[in-house]
Structures are given as structure tokens and as C-alpha cells.
Amino acid sequence: MKNEKISSSHNIFKKVWCRLFQKVFKLAIPLMPYRKPDVIDSIRLVPETLRKEGCHSVVIVTDKSMLILGFMDRLKDILDKAGFRVFVFYGTDVNPTVKNIKEAYRIYKFNKCDSIVALGGGSSMDCAKALGVCAAYPDREISSFRGILKVRRKLPTLVAIPTTAGTGSETTLAAVIRDQKKKEKYAISSFPLIPKYAVLDPSLTVTLPPSITAATGMDALTHAVEAYIGGSTTEVTRRHALHAVSLIFGNLEKAWSDGQNLEARRNMLQAAFEAGYAFTVSYVGYVHAMAHALGGMYNIAHGVANAAILPVVLKAYGKAAEKKLAELAVAAGVATENTPLSEAAFAFISAVEEKNRTFGIKSEFKELRIADIPALSRMAEKEGNPLYPVPVIWSRGSLQKAFMRLLPENVRSETTSSYSVGDSSEKSA
């Protein structure tokens, strides 16, 4: 009994500390140097943009898929013809690693580059941002910047060219890195990491396989939802998040079923950009914390992880998120303003689940092992608390229960019959 009282007191103290921390950050939002990248609507304008910045020697950070699809050659040809010295790093992994960053920096440093162009999905952009940090701090390990507001120097000019509509990395202040030795992922979040320019060119997304279109689109949806239901929203981020949700529900399935639909592709790029800005200012939540833990442990693609985890976490938040989920349901077109809150919130979560079914994304991971859940929960709790302004503050035990819900169904039925996701005693603060 005594141990239970100590544990309860500790949890209460922790929740109060988390909410105070989040309150201070919210109050500081107007004082922070948030900014949006300047938007360019065509890849052909990249040379003109770099020339305006006084750049002469460029490293393109990308991955092998961009090489295979010909996008890297297309960009390199445009820059070559404009008279730039161009070098390429195309070894970015699905979850960019410390090794990737070091290899990219060697190319940057050896060739005395002065600018960086990221071409690809969020992985290439995260790698490019981390490369920029290495260029600004050549004598420090990238891991020393883990956390928030630790990068204070100006980075080389960074142009982000997304070829997926999901991560929003072209507008965020974060880079997520995987330490392959420790099997964990961590974020570097600092204002200098926001790209100077973002190229939103839908022609670069038309060759995406349907599965990647779906996963990255659901990633963008997760960004918008977590930014909106958290406690650190502003009028601007709420507006961007709602518009992003509306665009995603109106265009994702069109882009998924018809890759050549340029209007749908353009709208999805805009949705990803707006959702990215929303969560840059207002943060994400436990969906991301859990997805990062799974990505670090098993190298699971981030968009798939977010999509699978999203409905599990939204259900677990219960009443604490009901009103905001109802508002998202109206933006998504699955409820009206007259729909009762509980029905509208349920409709929104059901619509997310329906999209996952359409895209073949299950809320389970065959890689997930019961023995790993305590470690995964520690990682997620460390990332989420106290920073993320979630509707309900979860303990490590509640995160374990949430991870249990992601076990394959045959395993889950044997091990989770006595568990429920979340903890009814963990009221929103």
C-alpha cells in the first residue's frame, strides 16, 4: 500500500511538471523565431534561387530511389547547365543514420560546398538538415544536438524538394536520426534547421508507388491531427491543421488511385506543408513518440508506423480529445457541426481506420516482440514527456499497454485480455 501511494504521488508530480513545462513553451511561442520557408513551385527555379543566395557549389542529398526514377539526374542536369559545381550523396537510408550523415558531410567538406539541396522524402531532408548542422559545427558529434534548441549557428543554404506529400520536413525545425548501434531514434529540433526554401512541384510525386503515396499521406494526417488536439495550438496552427485535414480527406485517395492526378498531388503537397508548419509550432504527441521508438528498434517506415498507431492512441485519449476530434470530423467531411461530440469524434476515428483499411495498413506490427515493449515504452516516454502537449499525460505503464495493442492479433489475444489501452486514472490536466 505504501509503495502504491509513493507511485501515485510520483505520477501526480510528473503530470504537474509536464503541464508546467508545456505551459511555459506555449507562452513562449510568440517570442520564438518560427518562420515558413519561401515556396517555389518548380524544380527549374532552383538555380535562380541558389544564385540569389550567392551559392556556387552544391551537394544534393537524396536516396537510391531518386537515382532509379531519374529525378536526381534531372536536378543535377538543371544545376550543371546553370554553371553550378554539383556533388551527390545518394546513400540515405529509410531512417537516416549517423553513418549516412558522416558520409554526406565528407562529400560536402572535401568539395568545399556552400549549399545543400535535399531531394526525396523526409529521410533525405532529415539527413540534409543534419548535414547542415555538421557543416556549422564541424568539431562536434551530431548526437550532441539531440533535443531542443541546441543548434544556434546559421546553417548553409538549404533547399528542400519533397517528392512525397507527407513528412512536412520541408517546413519543420526537426531532423530525426537513427543511431543504428543503439537501435534508437532521436530528434534534433532547432530553428536553424528550417529550410530556407521549399519546392512544391507535383510533377516530382507522380511516380510514387500507391503504397508510399498512402503512407506519406497518412503521415501528414497524423501531423495535422496531433498538432490540433494538443494543448499548444495557436489560431494560425489550428487553421493550418484543419485545412490540411480537409485537403487530405479530399485528395489522398485520388492521388493513391491515380498517380497522374496533378491537382490531387498538388493539394497533398500543400496539405503536407501546412500540417508540417502546424506541428512545428504546436508539436506532436504519443503517436510520434511510439512511431519513433518502433522505427529505431525495427527500422519501420515512419509513415506506416504513424498511420497504424494513430487510431489506437486517439481511442485511448477518450473524452479528453473528444471536442477537438469532433472539429476535425467536420473538417474531414464525416460529421456536421450539429453532430453530437461523441458521435463526431467516433466518426473521425472510424474514418481514419477506414482509410487504413483501404490502403492495407493494419494497426499491428509483426516485428513487435513482447520482450521489447518495456524498452520501447521507455523510449516513447522519454521523448513525449514533458515536451509533447498531449490531451492526456501517460505513464510508462500506459505506453506499454498501448504498445500491447499493436502486437499481431494472434499474439495480442493471448496476452492482452486483461489490459486496456491508456489508464482511466490519467485524467487530462
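The chain is numbered in sequence order, starting from 1.
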Quick one: do the Lys129 and Ser169 side chains pair a donor with an acceptor below 3.5 Å? yes

Between Glu226 and Gly285, is there a donor-acceptor pair closer than 3.5 Å when you use the side chain of the first and the backbone of the second? yes

Could you walk me through whether Leu376 and Leu368 pass side chain to side chain contact (heavy atoms under 4.5 Å, CB included), step by step? CA-CA 10 Å; Leu376 290 165; Leu368 181 57; 3.4 Å; yes

Working note: Tyr283 + Phe279, criterion ring-ring contact (aromatic ring centres under 6.0 Å, His included); need CA distance, chi angles, decisive distance, verdict. CA-CA 4 Å; Tyr283 300 101; Phe279 90 78; 9.0 Å; no

Pair Ser282-Thr237, side-chain donor/acceptor within less than 3.5 Å: yes

Counting C-beta onward and ignoring hydrogens, is there a side-chain heavy-atom pair between Phe84 and Ile78 closer than 4.5 Å? no

Count the heavy atoms of every other residue, nucleotide or ligand shown that sit under 6.0 Å from NZ of Lys102, and state whether that count exceeds 12. no

Nearest atoms (heavy-atom pairs only) where Ala214 meets Trp256: CB-CD1, 3.8 Å

What do the steps show when you test Val312 against Met290 for side chain to side chain contact (heavy atoms under 4.5 Å, CB included), and what is the final call? CA-CA 11 Å; Val312 171; Met290 293 172 68; 5.8 Å; no

NZ/NE/NH1/NH2 to OD/OE distance under 4.0 Å, Arg146 and Glu184: yes

Mind running side chain to side chain donor-acceptor pair (under 3.5 Å) on Tyr388 and Glu383 for me, showing each step along the way? CA-CA 8 Å; Tyr388 293 161; Glu383 177 180 332; 2.5 Å; yes

To the nearest 0.5 Å, atom CZ of Arg239 lies from atom OH of Tyr277 at 9.5 Å

How far apart are the closest heavy atoms of Ala224 and Ala241, and which atoms are they? O-CB, 3.6 Å

With distance as the sole test, does Thr171 use its side chain to make a donor-acceptor pair with the main-chain N or O of Gly168 at under 3.5 Å? no

Working to the nearest 0.5 angstrom, can you tell me the gap between Ile161 CD1 and Met66 CE? 11.0 Å

May I ask you to test the Arg265-Thr213 pair for a side-chain heavy-atom distance under 4.5 Å? yes

Short question: side chain of Asn100, backbone of Thr97 - any donor-acceptor pair under 3.5 Å? yes

Using 30° and 60° as the class limits, which term best fits the ring planes of Trp17 and Phe21: parallel, tilted or perpendicular? perpendicular

Validation row: Ile43, Phe71 side chains within 4.5 angstrom (heavy atoms): no

Leu407 side chain near Glu364 side chain, heavy-atom distance below 4.5 Å: no

Thr216 side chain vs Thr164 backbone, donor-acceptor pair below 3.5 Å: no

Shortest non-hydrogen separation from Ala271 to Ile248 and the atoms involved: CB-CG1, 3.7 Å

Side-chain donor/acceptor of Lys366 to backbone N/O of Pro408, under 3.5 Å: no

With a 6.0 Å cut-off on ring centres, are Tyr317 and Trp394 close enough? yes

Would you call the rings of His292 and His288 parallel, tilted or perpendicular, where under 30° means parallel and over 60° means perpendicular? perpendicular

Considering non-hydrogen atoms only, spot the tightest contact between Ile188 and Ile177 and give its length. CD1-CG1, 4.2 Å

Keeping Ser189 on the side-chain end and Ile148 on the backbone end, is there a donor-acceptor pair under 3.5 Å? no

Counting heavy atoms not belonging to Phe359, are there more than 12 under 6.0 Å from its CZ? yes

Taking the side chain as C-beta and beyond, is there a heavy-atom pair between Pro162 and Phe273 under 4.5 Å? no

Got a second to check how far Ile101's CD1 is from Cys127's SG, nearest 0.5 Å? 5.5 Å

Any chance CD of Glu367 has more than 12 other-residue heavy atoms, nucleotides or ligands included, within less than 6.0 Å? yes

Exam field: side chain Asp179 to backbone Lys181, donor-acceptor pair closer than 3.5 Å: yes

Verify whether one side chain among Asn95 and Lys185 offers a donor that lies under 3.5 Å from an acceptor in the other. yes

Is the shortest distance from a Lys or Arg side-chain nitrogen in Lys81 or Asp77 to a carboxylate oxygen in the other one below 4.0 Å? yes

Assess whether a salt bridge exists between Lys76 and Asp73, defined as any Lys/Arg side-chain N lying under 4.0 Å from an Asp/Glu carboxylate O. no

Ion pair check, Glu263 and Arg266, cut-off under 4.0 Å: no

Give a yes or no on whether Tyr90 atom OH has more than 12 heavy-atom contacts from other residues, nucleotides or ligands under 6.0 Å away. no

Does a side-chain heavy-atom distance below 4.5 Å link Ile60 with Leu79? yes

Does NZ or CZ of Arg140 lie under 6.0 Å from the centre of the six-membered ring of Tyr137, at an angle within 45° of the ring axis? yes

Checking the side chain of Ser232 only, and the main-chain atoms of Pro389 only, is there a donor and an acceptor separated by less than 3.5 Å? no

Salt-bridged, Glu353 to Lys362, with N to O below 4.0 Å? no

Between CG on residue Leu155 and OG on residue Ser115, distance to nearest 0.5 Å: 12.5 Å

Nearest-0.5 Å distance that lies between atom OG1 in Thr234 and atom NE2 in His240: 8.5 Å

CG/Leu204 to OG1/Thr163 distance, rounded to the nearest 0.5 angstrom? 7.0 Å

Indicate whether the side chain of Tyr286 and that of Asn385 have a donor and an acceptor atom separated by less than 3.5 Å. yes

Side-chain (Ser42) to main-chain (Arg44) donor-acceptor, under 3.5 angstrom: yes

Looking at every heavy atom in both Lys254 and Ala264, which two are closest together, and how far apart are they? CB-CB, 3.9 Å

Could you walk me through whether Arg238 and Thr233 pass side chain to side chain donor-acceptor pair (under 3.5 Å), step by step? CA-CA 6 Å; Arg238 288 192 293 273; Thr233 62; 2.9 Å; yes

Would you say the rings of Phe191 and Tyr34 are close, in the sense that their centroids are separated by under 6.0 Å? yes

I'd like to know if the side chain of Asn356 reaches the main chain of Ile361, judged simply by a donor and an acceptor atom lying under 3.5 Å from each other, with no hydrogens or angles considered. no

Shortest non-hydrogen pair, Arg19 vs Pro391, comes out as NH2-O, 3.1 Å

Strictly by side-chain hydrogen bond (donor to acceptor under 3.5 Å, both in side chains), give each pair with a member in residues 53-69 just once, sequence neighbours left out. Glu53-Lys196, Glu53-Tyr197, Ser57-Arg85, Asp63-Ser65

State, with a plain yes or no, whether a side-chain heavy atom of Leu119 is found less than 4.5 Å away from one of Val61. no

Do the side chains of Glu327 and Tyr228 get nearer than 4.5 Å, heavy atoms only? yes

Derivation and outcome, side chain to side chain contact (heavy atoms under 4.5 Å, CB included), residues Asp114 and Thr157: CA-CA 7 Å; Asp114 55 22; Thr157 297; over 6 Å; no

